[in-house]
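What follows is a short report on a single structure.
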Amino acid sequence: MEVAARIGMFEPVAAMLRTLEENGETLPDEGMDAVRGLTEPQRRGESWLALKSVIGEDPDGMRMLYWMLYAAGQYTFREYCRLGISDPVFDATMACFTRFVGEHKASYGTYGFDRDFWTYRQLSTRLFRLGDLEFELAYEYVPACLGSSRVVSMHIPSDARLDPDHCDLSIAKSRAFFARFFPEWAQLPYACESWLLSPALNELLPSSSHILAFQHRFDILETNPDAQDWREWVFRRSPLPVEALPEDTSLQRNMKRFLLDGGKVGTGTGQLR
């Protein structure tokens, strides 16, 4: 699995993938067609569902991970080459697989892969990591409040540095990247939907916070106070009741107290100024 090596996959997981390969991991024709479809923007969603159906029982997600990395090497990399996009962008973008496996370990104590519902975006050359942030050519499920059926959607990886200098650099890289490789998207609005854009964070974080500095780059157009994204990103997907949530960081402590007092965090949707 060349791609696994390129993206620094954790050795225990790389060993599981090698074992699958050595044991003759294979799919029927409809499964292989779905693998290829993951990399095609028009077919990616239906192909993901088809592949899940063909794979069937996959408790730790390793078979899905195997075939998604196969698709990255066999098809996505070729598309990068055709477009002229550099290897470092490919490697940084596909490193999402390593990051997601690591996040599963941090949340549950074991290696696993459960983000296949998301990663066909990377495989279909519609989401790219450019510096610390990710940028997606978004045309599905775009919030109506943005007033456009297509936007450049910004995503914040868990390992992103959110200080102003790194954010400025990442946004500048994205504008140059899209002007060169996807000029029809270059003038579209940039948007973000995230718990990081929740107005409640202004009550929970100091004014010097990099999270708030990032949030204040956007005009907040809509909020969803009932969204539970904070559980995943602040409390590592903990299912515990609020009163039992951990208090290991100042944000966890402040957020827990805020929630116990009846506050709601939710998410915000905003457009980059």
Side-chain angles (χ1 to χ4, degrees), residues 3-10 41 68-69 72 76-77 79-103 106 115 118-139 142 146 150-197 201 205 208-220 229 232-234 251 267-273:
V3 172
R6 294 181 67 132
I7 62 177
M9 182 57 69
F10 301 100
M68 284 194 152
L69 293 179
T76 307
F77 184 70
E79 181 65 5
Y80 269 67
C81 293
R82 186 188 71 80
L83 292 169
I85 301 173
S86 69
D87 287 8
V89 173
F90 176 84
D91 294 342
T93 300
M94 296 306 141
C96 68
F97 290 99
T98 305
R99 187 172 73 250
F100 290 152
V101 167
E103 289 169 2
R115 303 294 181 83
W118 182 259
T119 44
Y120 59 68
R121 292 167 171 81
Q122 287 88 343
L123 294 176
S124 60
T125 56
R126 288 298 178 271
L127 191 157
F128 306 90
R129 183 157 188 174
L130 303 165
D132 280 85
L133 304 175
E134 293 176 327
F135 301 86
E136 179 186 1
L137 307 178
Y139 52 90
V142 176
L146 295 171
R150 297 189 303 151
V151 298
V152 176
S153 185
M154 298 172 62
H155 304 291
I156 307 94
S158 59
D159 60 352
R161 296 167 292 185
L162 287 181
D163 61 276
D165 287 346
H166 283 100
C167 288
D168 286 346
L169 180 60
S170 193
I171 293 168
K173 283 183 175 180
S174 77
R175 294 196 186 281
F177 179 87
F178 292 126
R180 178 178 177 185
F181 297 110
F182 299 93
E184 68 276 19
W185 289 81
Q187 301 304 316
L188 291 174
Y190 278 49
C192 182
E193 181 179 5
S194 172
W195 72 274
L196 295 173
L197 269 60
L201 296 182
L205 293 168
S208 60
S209 163
H210 289 160
I211 289 177
L212 290 184
F214 178 80
Q215 180 184 124
H216 295 160
R217 292 172 181 266
F218 296 84
D219 290 320
I220 308 301
D229 300 43
E232 177 172 359
W233 300 113
V234 180
L251 179 56
T267 61
T269 300
Q271 182 170 321
L272 189 67
R273 293 176 181 143

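Values in this document were obtained by computation on a predicted structure and should not be read as measured data.
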Legend entry - Under the side chain to side chain donor-acceptor pair (under 3.5 Å) test, residues paired with D219 that sit two or more places apart: R273
Legend entry - Working for side-chain contact (heavy atoms from CB on, under 4.5 Å), residues S194 and I156: CA-CA 8 Å; S194 172; I156 307 94; 4.1 Å; yes
Inset, instruction - For T76, enumerate each residue passing the side-chain contact (heavy atoms from CB on, under 4.5 Å) test, keeping only those at least two apart in sequence or located in another chain. - result: T39, Y80, F90, M94, L123, T125
Legend entry - Results of side chain to side chain donor-acceptor pair (under 3.5 Å) for D87 - residues two or more places apart only: none
Inset, instruction - Measure the spacing between CZ of F218 and OG1 of T269 and express it to the nearest 0.5 Å. - result: 10.5 Å
Inset, instruction - Please check if any side-chain donor atom of Y190 sits under 3.5 Å from a side-chain acceptor atom of S153, or the reverse. - result: no
Legend entry - Pairing residues for Q271 by the side chain to side chain donor-acceptor pair (under 3.5 Å) criterion, not counting sequence neighbours: none
Legend entry - Minimum side-chain heavy-atom gap L272-M154 below 4.5 Å: yes
Inset, instruction - Indicate yes or no: at least one non-hydrogen side-chain atom of W195 is less than 4.5 angstrom from one of L201. - result: yes
Legend entry - T119 and C96, any side-chain heavy atoms less than 4.5 Å apart: yes
Inset, instruction - Hey, could you give me the CD/CZ distance between Q122 and R115, rounded to the nearest 0.5 Å? - result: 11.0 Å
Legend entry - Heavy-atom closest pair, residues A191 and L146: CB-CD1, 3.5 Å
Legend entry - Qualifying residues under side-chain contact (heavy atoms from CB on, under 4.5 Å), relative to S209, sequence neighbours excluded: L205, P206, I211, L212
Legend entry - Residues that Y139 engages under ring pair (Phe, Tyr, Trp, His ring centres under 6.0 Å), provided they are two or more places apart: none
Legend entry - For D91, salt bridge (charged side-chain N to carboxylate O under 4.0 Å, His left out) partners two or more places apart: R6
Inset, instruction - For R150, enumerate each residue passing the salt bridge (charged side-chain N to carboxylate O under 4.0 Å, His left out) test, keeping only those at least two apart in sequence or located in another chain. - result: none
Identify every side-chain donor-acceptor pair in residues 157-167 under 3.5 Å, counting partners at least two apart or on other chains, and give the distances.
{"from": "S158", "atom 1": "OG", "to": "E103", "atom 2": "OE2", "distance (Å)": "2.4"}
{"from": "D159", "atom 1": "OD1", "to": "R129", "atom 2": "NH1", "distance (Å)": "2.9"}
{"from": "D159", "atom 1": "OD1", "to": "R129", "atom 2": "NH2", "distance (Å)": "3.1"}
{"from": "R161", "atom 1": "NE", "to": "D132", "atom 2": "OD1", "distance (Å)": "3.3"}
{"from": "R161", "atom 1": "NE", "to": "D132", "atom 2": "OD2", "distance (Å)": "3.0"}
{"from": "R161", "atom 1": "NH1", "to": "H166", "atom 2": "NE2", "distance (Å)": "3.2"}
{"from": "R161", "atom 1": "NH2", "to": "D132", "atom 2": "OD1", "distance (Å)": "3.0"}
{"from": "D163", "atom 1": "OD1", "to": "H166", "atom 2": "ND1", "distance (Å)": "2.7"}
{"from": "D163", "atom 1": "OD2", "to": "D165", "atom 2": "N", "distance (Å)": "3.3"}
{"from": "D163", "atom 1": "OD2", "to": "H166", "atom 2": "N", "distance (Å)": "3.1"}
{"from": "D163", "atom 1": "OD2", "to": "H166", "atom 2": "ND1", "distance (Å)": "3.0"}

Inset, instruction - Measure the shortest side-chain to side-chain distance between T93 and E134 over non-hydrogen atoms and say whether it is less than 4.5 angstrom. - result: no
Inset, instruction - Keeping the roles fixed (side chain from S170, backbone from L130), state whether a donor-acceptor pair exists under 3.5 Å. - result: yes
Side-chain donor/acceptor pairs under 3.5 Å, residues 175-189, sequence neighbours excluded:
none

Inset, instruction - Apply side-chain contact (heavy atoms from CB on, under 4.5 Å) to S124 and list each qualifying residue two or more places apart in sequence or on a separate chain. - result: P41, R44, R126
Inset, instruction - Check for a donor-acceptor pair, side chain of T98 on one end and backbone N or O of I7 on the other, with a separation under 3.5 Å. - result: yes
Legend entry - L133 side chain reached by F214 side chain, heavy atoms, under 4.5 Å: yes
Legend entry - Salt-bridge present (D168, K173; N to O < 4.0 Å): no
Inset, instruction - Please list, chain by chain and in numerical order, all residues satisfying side-chain contact (heavy atoms from CB on, under 4.5 Å) with A4, sequence neighbours excluded. - result: M1, M9, L17, L69
Legend entry - Flag side-chain contact, heavy atom, 4.5 Å: L197 against C192: yes
Legend entry - Validation row: L127, W118 side chains within 4.5 angstrom (heavy atoms): yes
